[in-house]
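Taking it in order: structure first as structure tokens, then the write-up.
Everything numeric here is computed off the predicted structure, so don't read it as measured data. Starting from 1, each residue takes its place in the sequence as its number. Values below: every heavy atom of this structure, side chains too, minus hydrogens, waters and symmetry copies.
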Amino acid sequence: MEKVLKNQIKLSDMFLRGEMETDEKIRQKLKEEVVECYKENKVAEELIKQFIIHNNQVENFVIRFSKEENFNDKEKEIAILSAIFHDIAKGYGDFLKHGEVGGEMAEKILLKKGISKELAKSVKLAIERHMGVQGYPTEKAKKQYGKKFEFPEYATKVGQIVYECDILTQLTEEGFDKILLLRELDKEDFQEDKKKVKEDKKIIEQIRILSVLKSAKKSYNLIKLESVKKEAEKLWQKIQEKYGMYNEK
């Protein structure tokens with residue numbers, strides 16, 4: 001069985017102290033490079049728009065909650081750069097490997113920009129760990145790699161906040177719509193939804209929304225940091241109000 005991640009990562013491998021090496025101007029250039037990567041890999045234009053919205057949401061959440069969790073400058077910088085790059089390998093290639101591949105890509109790009117190897121490696125490790133050990137990616141991985149498979153879990157609060165802010169976006173209106181679109185475009189998910197249409201005698205839009213609602217609830221339950229959880233509660237309430245009519249009896 002092929003493992004998605006090549007290395008087991010130790011907590012001591014994260015470099016969480018020191019001054020910031022990037023500013024807003026540099027980070028804006030890095031975000032533009034991520035978009036160029038999507039285009040070079042022929043990601044659909046509609047998906048690129050969704051990914052930009054998602055990446056910006058994760059970054060904004062990371063900035064907000066890293067402040068609330070009293071991160072130092074280096075921890076905040078690692079988290080922000082990880083948010084910018086975390087999905088750079090998504091939309092092409094193997095979805096289950098986008099954490100590993102994205103981490104490697106981010107490290108290479110940062111090193112070429114003159115960023116220290118310590119910061120570049122820390123960003124790589126946080127991205128590799130943003131898949132989580134529960135939820136949709138893990139469920140999909142277990143089908144492909146076996147029931148015992150697990151992605152490596154975050155080892156620091158920096159990794160945790162990147163992971164939780166990523167799944168928090170699924171509870172926003174924009175994030176929910178992005179997952180709906182991804183489910184429609186994914187061949188396996190599309191076939192699964194078509195099968196449920198026949199079994200449950202519901203229209204495919206309803207089936208798709210029910211699937212994403214189920215996934216969103218799992219995401220909500222995976223969030224542990226108190227500051228992030230409070231926001232998740234508000235967003236989950238709005239999701240229920242908007243899509244609650246689709247809930248199965």
Side-chain angles (χ1 to χ4, degrees), residues 38 43-62 83 86-87 89-99 102 130-144 149-151 162-225 228-249:
Y38 292 145
V43 176
E45 186 175 339
E46 183 59 32
L47 266 185
I48 292 177
K49 291 178 182 178
Q50 293 288 342
F51 287 163
I52 291 172
I53 292 170
H54 170 70
N55 292 343
N56 288 337
Q57 278 191 322
V58 176
E59 182 187 2
N60 289 334
F61 279 140
V62 159
H86 78 285
D87 274 352
K90 201 169 183 179
Y92 59 94
D94 187 344
F95 164 77
L96 295 176
K97 291 188 177 182
H98 86 267
H130 90 276
M131 303 293 281
V133 296
Q134 297 181 61
Y136 175 74
T138 297
E139 290 170 2
K140 196 154 188 166
K142 286 182 183 296
K143 289 181 181 178
Q144 184 166 332
F149 176 85
E150 286 187 348
F151 292 109
V162 173
Y163 167 69
E164 292 195 3
C165 287
D166 183 28
I167 60 178
L168 179 64
T169 64
Q170 190 179 154
L171 303 177
T172 67
E173 184 175 344
E174 298 87 352
F176 199 93
D177 290 343
K178 184 200 76 170
I179 301 298
L180 281 173
L181 176 62
L182 288 173
R183 187 161 190 89
E184 181 179 356
L185 295 176
D186 185 278
K187 292 181 180 179
E188 183 180 333
D189 290 339
F190 184 76
Q191 291 303 320
E192 182 180 319
D193 290 342
K194 281 184 67 177
K195 183 179 178 182
K196 286 184 178 179
V197 166
K198 294 180 180 180
E199 294 175 349
D200 299 346
K201 296 181 180 179
K202 296 184 173 96
I203 61 174
I204 195 164
E205 288 80 7
Q206 185 178 9
I207 293 293
R208 194 171 290 130
I209 287 172
L210 286 171
S211 296
V212 179
L213 271 173
K214 184 178 179 181
S215 177
K217 186 175 182 179
K218 286 183 179 179
S219 294
Y220 168 75
N221 290 328
L222 290 173
I223 295 172
K224 306 300 179 187
L225 284 172
V228 185
K229 191 72 173 180
K230 286 180 181 179
E231 182 65 20
E233 289 171 356
K234 295 176 185 178
L235 293 174
W236 177 238
Q237 182 62 38
K238 290 180 180 179
I239 289 291
Q240 289 181 303
E241 290 172 1
K242 184 173 181 178
Y243 294 104
M245 67 188 76
Y246 292 98
N247 281 321
E248 294 174 295
K249 303 291 185 180

Answer yes if the ring centres of H98 and F95 are under 6.0 angstrom apart, and no otherwise.
yes
Y38 and F51 aromatic ring geometry - parallel, tilted or perpendicular at 30°/60° bounds:
tilted
Between [Y] and [X], is there a side-chain heavy-atom distance shorter than 4.5 Å?
X	Y	answer
K230	K234	no
L213	F176	yes
H130	V58	no
D166	F61	no
E174	Q50	no
K218	K214	yes

How many angstroms lie between [atom1] in [X] and [atom2] in [Y], if you round to the nearest 0.5 Å?
X	Y	atom1	atom2	answer
H54	T172	NE2	OG1	9.0 Å
I48	I53	CD1	CD1	12.5 Å
M131	L96	CE	CG	6.0 Å
F151	K97	CZ	NZ	10.5 Å
L171	S215	CG	OG	9.5 Å
T169	I179	OG1	CD1	7.0 Å

Tell me whether the count of non-hydrogen atoms from other residues, nucleotides or ligands lying under 6.0 Å of CD in E46 goes above 12.
yes
Would you say that more than 12 heavy atoms from the other residues, nucleotides or ligands in this model lie under 6.0 Å from the NZ of K217, or not?
no
Considering non-hydrogen atoms only, spot the tightest contact between [X] and [Y] and give its length.
X	Y	result
G175	Q57	N-OE1, 4.1 Å
I223	V228	CG2-CG1, 3.6 Å
A83	V62	CB-CG2, 4.1 Å
G102	A89	N-CB, 3.7 Å
R208	L180	CD-O, 3.5 Å

[X] (side chain) donor-acceptor with [Y] (main chain) under 3.5 angstrom:
X	Y	value
K229	Y220	yes
T138	G132	yes
E164	L225	yes

Can you tell which of L168, V133, I167 makes a side chain to side chain contact (heavy atoms under 4.5 Å, CB included) with L222?
I167
With a 3.5 Å cut-off and no angle check, do the side chains of Q170 and S219 form a donor-acceptor pair?
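Yes, side-chain donor-acceptor contact under 3.5 Å.
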